[in-house]
Amino acid sequence: MKTYYITTPIYYANGEPHAGHAYTTIAADALARYHRVNGDDVFYLTGVDEHGANIDKTAESKGYSPQEYCDMLAPIFTNLWKRLNISNDIFLRTTSDLHKRGIHKFLTALYESGDVYKGHYEGYYCRPCERFFPDKEIPEDKTCPDHKIPLELVKEENYFFRLSKYQDKLLKLYSDQPDFVYPDSRRNELLNVLESGLEDISISRSSVSWGITLPFDPEHIAYVWIDALPNYITALGYDIDDQKFHSYWPANVHMMAKEITRFHAIIWPAMLMAIGLPLPKQIVAHGWLTKDGEALSKTRGIFIDMDGDIETYGVDAFRYYLLREFSFGNDGDYRPARLHARYNADLANDLGNLLNRVLGLLNKNFDAIPSPTTPGEFDDEIKTLTEETITSLDEHIKAFAFDSALESIWVLIRRVNRYVQQTEVWTLTKPETKPRMGTILYNCLEALRIISVLLSPFIPETSEKIQLQIGLKNFDSDTNWGNLQEGILVSKGEPIFPRVDLKKEEKTETMKPKQAKPKSKKKISENISFSDFQKLDLRIGIIISAEPVEGADRLLKLQVDIGDETRQVVAGIAEHYTSDTLIGQQVVIVVNLEPATIRNVESQGMILAASGESVVLVTPEAEVPLGTEVR
RNA sequence: GCCGGUGUAGCUCAGUGGUAGAGCACACGACUCAUAAUCGUGCUGUCCGGAGUUCAACUCUCCGCACCGGCACCA
């Protein structure tokens with residue numbers, strides 16, 4: 001029996017899961033189920049990554065120990081997966097013994113490979129990022145670009161992994177195995193990274209406490225990614241080297257969202273090379289979800305209402321919509337209106353109604369499933385198309401084209417609807433035509449049975465409902481035509497996808513104004529003295545010219561009149577303001593900031609702006625004389 | 001600025017060197033077994049713009065525009 005090992009990332013447990021996590025997990029679930037129904041021995045892994053300074057900090061801010069916090073959060077993930085019908089075989093927590101033991105073995109092996117060395121690291125460090133900035137990346141103001149807080153000059157003794165050594169081997173991997181990274185767009189990006197050179201990476205932290213200690217130096221904690229990536233082997237029992245590990249590793253697919261491909265497609269394979277383990281076969285990245293065209297954002301309250309949509313349309317409709325409407329690999333725009341349209345058109349009208357009408361006809365005219373005694377026109381077409389669908393489905397699945405996969409099944413569903421129409425079964429009630437009627441109904445049911453098998457990876461609950469209504473007590477996953485037995489008593493057939501009235505929906509939607517209050521998540525910094533504050537010289541100025549900076553997308557070169565003089569300031573606001581709207585604006589400018597050169601342009605100060613998801617200039621509430629002090 | 005991608009019917013997208021397709025939506029018709037479902041027919045397009053190669057380009061080449069990623073940049 002072929003094995004198939006598929007993984008999602010272990011999601012970082014410093015917040016609740018969102019639709020993006022659900023998307024990854026549902027896609028991986030579809031693959032896992034597809035391979036299971038085709039007879040493979042499948043192992044499907046998902047889980048949570050529970051270590052690192054961020055979790056420690058989040059836990060502390062909520063008044064819990066990190067372990068307590070993780071223990072609270074893990075069930076939120078598992079409950080969601082249960083609700084979404086995720087068929088994972090394991091839910092790995094990095095705080096589990098299984099993982100900790102595996103990591104010890106992994107780190108020991110890595111250490112013994114000779115590619116780990118101890119280095120003194122002196123450099124600029126961002127605590128929330130848990131990372132050092134390489135020399136060429138240090139911002140001139142020594143502020144973390146993501147967290148907007150000052151970098152700390154930290155001198156740490158760290159262990160490093162000789163990633164640089166693996167550049168050529170990785171390049172060879174990419175050329176020998178062109179499908180190692182899917183889709184090609186991601187592969188190209190990573191090739192760029194590889195070709196521009198790799199630096200060794202530090203794999204430990206001595207300043208962080210919440211994590212796994214290095215087996216060869218208890219003073220150090222494994223860096224979160226070094227702790228997390230090997231979960232793919234620790235989950236299989238790598239530490240005891242058992243049969244399970246050897247039968248499932250290497251993984252067939254590591255599935256993830258596009259932002260973490262670098263860790264999976266560069267660092268992870270390099271580490272595996274170092275310890276002499278086989279590499280995963282494919283790194284598969286999907287795009288991000290937007291909602292009605294806007295990026296998801298906690299702070300702006302833009303989120304996908306999974307609970308609401310699942311409540312209205314059902315889990316399978318949610319799964320179906322995500323897999324059917326988005327082309328996997330690209331970003332996808334989640335639009336409740338489209339979900340609604342898909343639900344009614346595809347699920348209720350095409351599939352649900354087909355099952356219902358066939359069962360209705362059968363119940364009205366027969367006591368049980370009749371035998372196909374009387375072949376006729378179109379029968380072969382239905383049978384042939386069913387078989388062709390099985391083949392094309394397989395091709396699409398291999399290419400991660402869930403949308404085409406589902407579309408190909410729907411071609412068959414529509415064909416069966418047409419079959420009912422063409423044969424006008426409902427007219428064949430006379431004794432002499434009844435055997436033909438029975439045959440047609442048998443064919444319809446058999447097609448529906450096979451369709452339910454083909455659909456089971458995507459919408460498992462529906463598949464079961466279909467088979468139950470057909471009268472099968474145990475799920476029959478045989479896709480050979482004719483496997484359906486005659487004489488089975490069918491059920492009455494309640495609609496499996498009752499139509500949803502849009503007007504009702506609009507009402508309920510307006511009834512729950514669930515707007516999150518926009519707020520910044522950055523914590524208040526440490527206190528400074530009043531004299532510290534007084535050191536700042538803030539003045540009112542007016543922008544008299546603004547032009548783009550050569551070679552930079554975000555920068556504008558501004559001339560600001562502050563009364564006595566004109567200052568040239570470079571500001572990273574080009575994405576939010578055009579020159580026209582800026583000229584004539586009064587702004588607050590820091591005039592005693594030491595000058596800096598950015599992109600060969602001198603900047604003699606800094607314009608204040610609220611900078612969160614959007615950037616908004618700070619301006620005086622009423623016009624004031626230029627050069628006025630701000631305090 | 002560099003690298004890559006995308007731009008086709010109202011919407012979501014497929015597609016080929018010979019003058020364009022699917023689903024949804026829309027209109028009309030058929031049917032009445034079925035969840036106002038199904039089936040048929042029809043409709044709309046400067047296939048982003050421009051130049052070039054070719055007997056012929058939406059499909060190839062070049063230039064440009066727009067949007068989206070990645071990298072650089074964010075005092």
Side-chain angles (χ1 to χ4, degrees), chain A residues 136-137 139-143 145-146 148 183-193 195-196 258-259 261-262 287-288 290 324-327 329-333 335 337-338 341-342 344-365 401 403-404 406-407 410-411 414-429 437 440-441 444 493-501 548-556 569-576 589-590 593-609 611 615:
Chain A
K136 62 175 181 185
E137 275 184 42
E140 287 184 41
D141 67 342
K142 309 208 170 23
T143 296
D146 292 333
K148 314 284 181 211
D184 285 347
S185 50
R186 295 295 136 204
R187 176 176 182 269
N188 290 339
E189 280 171 20
L190 293 168
L191 267 175
N192 275 339
V193 173
E195 277 158 6
S196 66
K258 63 186 183 184
E259 77 277 5
T261 46
R262 210 178 279 204
W288 285 342
T290 54
R324 171 66 186 87
E325 186 104 337
F326 303 144
S327 106
N330 299 326
D331 290 355
D333 190 25
R335 289 157 63 182
R338 296 291 308 163
R342 283 284 175 200
N344 276 345
D346 297 356
L347 297 176
N349 294 355
D350 288 346
L351 176 59
N353 182 56
L354 173 63
L355 177 67
N356 200 234
R357 74 193 297 208
V358 170
L359 290 178
L361 282 164
L362 201 135
N363 274 319
K364 209 171 283 182
N365 297 286
D403 53 342
S404 317
L406 284 164
E407 173 59 21
W410 251 261
V411 169
R414 285 186 213 111
R415 182 64 192 88
V416 178
N417 257 322
R418 197 151 69 94
Y419 178 60
V420 174
Q421 208 71 23
Q422 286 173 314
T423 54
E424 298 189 17
V425 229
W426 60 89
T427 62
L428 307 174
T429 49
M437 181 186 215
I440 293 167
L441 291 179
C444 290
E494 289 302 313
I496 52 175
F497 292 111
R499 281 182 67 89
V500 173
D501 183 3
V549 171
E550 188 79 13
D553 285 349
R554 291 177 163 162
L555 304 183
L556 284 180
V569 175
V570 176
I573 56 174
E575 289 174 318
H576 308 276
I589 173 170
V590 185
L593 190 64
E594 70 179 344
T597 304
I598 301 144
R599 279 269 146 189
N600 294 324
V601 179
E602 189 176 17
S603 181
Q604 310 155 323
M606 177 171 172
I607 302 292
L608 297 191
S611 62
V615 169

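Letters go in sequence order (proteins before strands), and every chain restarts at 1.
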TODO: Can you see which heavy atom on A:S603 is nearest to which on A:I598, and at what distance?
DONE: CB-CD1, 3.9 Å
TODO: Take atom P in B:A57 and the same atom in B:A20, then report the distance between them in whole Å.
DONE: 13 Å
Task: d(CG, A:N353; P, B:A36) in whole Å - done: 8 Å
Open item on the list: Testing the basics here: between A:D403 and A:R324, what is the closest heavy-atom pair and its distance to 0.1 Å?
Closed with: CB-O, 3.2 Å
- [ ] Would you kindly give the CG-to-P distance between A:N356 and B:U35, to the nearest whole Å?
- [x] 5 Å
- [ ] Could you tell me whether A:I573 contacts a base, only the sugar-phosphate backbone, or nothing, with contacts defined as non-hydrogen atoms closer than 4.0 Å?
- [x] nothing
Open item on the list: In this structure, how many angstroms lie between the P atom of B:A72 and the CZ atom of A:R554, rounded?
Closed with: 10 Å
- [ ] Whole angstrom is fine here: how far is it from CG in A:L428 over to C1' in B:C31?
- [x] 14 Å
Open item on the list: Rounded to whole Å, how long is the line connecting atom CG of A:L556 with atom P of B:G1?
Closed with: 14 Å
Task: Where protein sits on nucleotides 6-15 of chain B, one letter per nucleotide: B base, S sugar-phosphate only, - none, heavy atoms under 4.0 Å - done: ------S---
Task: Protein-nucleotide distance (A:R186, atom CZ; B:C71, atom C1'), rounded to Å - done: 13 Å
TODO: Please figure out whether A:G360 or A:V570 has its closest RNA chain B nucleotide nearer the 5' end.
DONE: A:G360
Task: Heavy-atom pair with the smallest gap, counting every atom of A:A348 and A:F497 - done: CB-O, 3.3 Å
Task: From CD (A:E325) to CG (A:D346), nearest 0.5 Å - done: 9.0 Å
Open item on the list: Taking the nucleotide of RNA chain B with the nearest heavy atom to each, does A:D346 or A:E594 sit closer to the 5' end?
Closed with: A:D346
TODO: Identify the nucleotide, in any strand shown, that forms a Watson-Crick or G-U wobble pair with B:G17, with both distances under 3.5 Å; if there is none, say none.
DONE: none
Open item on the list: Is the phosphate of B:G70 approached by A:K258 (side-chain N or O, under 4.0 Å from OP1 or OP2)?
Closed with: no
Open item on the list: For the P atoms, the ones on B:U59 and on B:U46, what distance do you get once it is rounded to whole angstrom?
Closed with: 15 Å
Open item on the list: Applying the Watson-Crick and G-U wobble criteria at under 3.5 Å, what pairs with B:C74? Answer none if nothing qualifies.
Closed with: none
Task: Closest to side chain of A:N349, choosing from B:U38, B:C71, B:G23 - done: B:U38
Open item on the list: Does A:S603 reach a base, just sugar-phosphate, or nothing at all? Heavy atoms under 4.0 Å.
Closed with: sugar-phosphate
Task: G-U wobble or Watson-Crick pairing nucleotide for B:G4 (cut-off 3.5 Å, both distances) - done: B:C68
Task: Complement of B:A27, any strand, by Watson-Crick or G-U distances under 3.5 angstrom - done: B:U41
Task: B:C3 to B:G64 separation - P atoms, rounded to the nearest Å - done: 12 Å
TODO: Tell which nucleotide pairs with B:C62, taking only Watson-Crick or G-U wobble pairs whose two distances are both under 3.5 angstrom.
DONE: B:G50
Task: Pairwise P distance for B:A22 and B:G42, with rounding to whole Å - done: 10 Å
Open item on the list: Side chain of A:R357, heavy atoms from C-beta onward: which of B:U38, B:A22, B:C3 has the nearest atom to it?
Closed with: B:U38
TODO: Kindly indicate whether the side chain of A:L347, heavy atoms from C-beta on, has any atom under 4.5 Å from the side chain of A:R342.
DONE: no
TODO: Please state the C1' separation for the pair B:C47 and B:G18 - nearest whole angstrom.
DONE: 15 Å
Task: Validation row: A:R415, A:Q422 side chains within 4.5 angstrom (heavy atoms) - done: yes
TODO: Take atom P in B:G5 and the same atom in B:C60, then report the distance between them in whole Å.
DONE: 12 Å
- [ ] State which of B:C24, B:A34, B:C31 makes the closest approach to the side chain of A:W426.
- [x] B:C31
- [ ] Write down the partner of B:A22 under the Watson-Crick or G-U wobble criteria, each distance required to be under 3.5 Å.
- [x] B:U12
Open item on the list: Using the side-chain heavy atoms of A:R414, tell me which of these nucleotides is nearest: B:C39, B:G4, B:C74.
Closed with: B:C39
- [ ] Give the intermediate values and the outcome of salt bridge (charged side-chain N to carboxylate O under 4.0 Å, His left out) for residues A:E407 and A:R414.
- [x] CA-CA 10 Å; A:E407 173 59 21; A:R414 285 186 213 111; 3.4 Å; yes
- [ ] Could you check how far CD of A:Q421 sits from P of B:U38, rounded to whole Å?
- [x] 10 Å
- [ ] Using the C1' atom on both, measure B:G23 against B:C65 and round to a whole Å.
- [x] 31 Å
- [ ] Rounded to the nearest angstrom, tell me the gap between atom CZ in A:R499 and atom P in B:A34.
- [x] 16 Å
Open item on the list: Using the C1' atom as the point on both nucleotides, what is the distance between B:G15 and B:U6, in whole Å?
Closed with: 15 Å
TODO: State, yes or no, whether a side-chain contact exists between A:T261 and A:L190 at a heavy-atom distance under 4.5 Å.
DONE: yes
TODO: Indicate yes or no: at least one non-hydrogen side-chain atom of A:L354 is less than 4.5 angstrom from one of A:V420.
DONE: yes
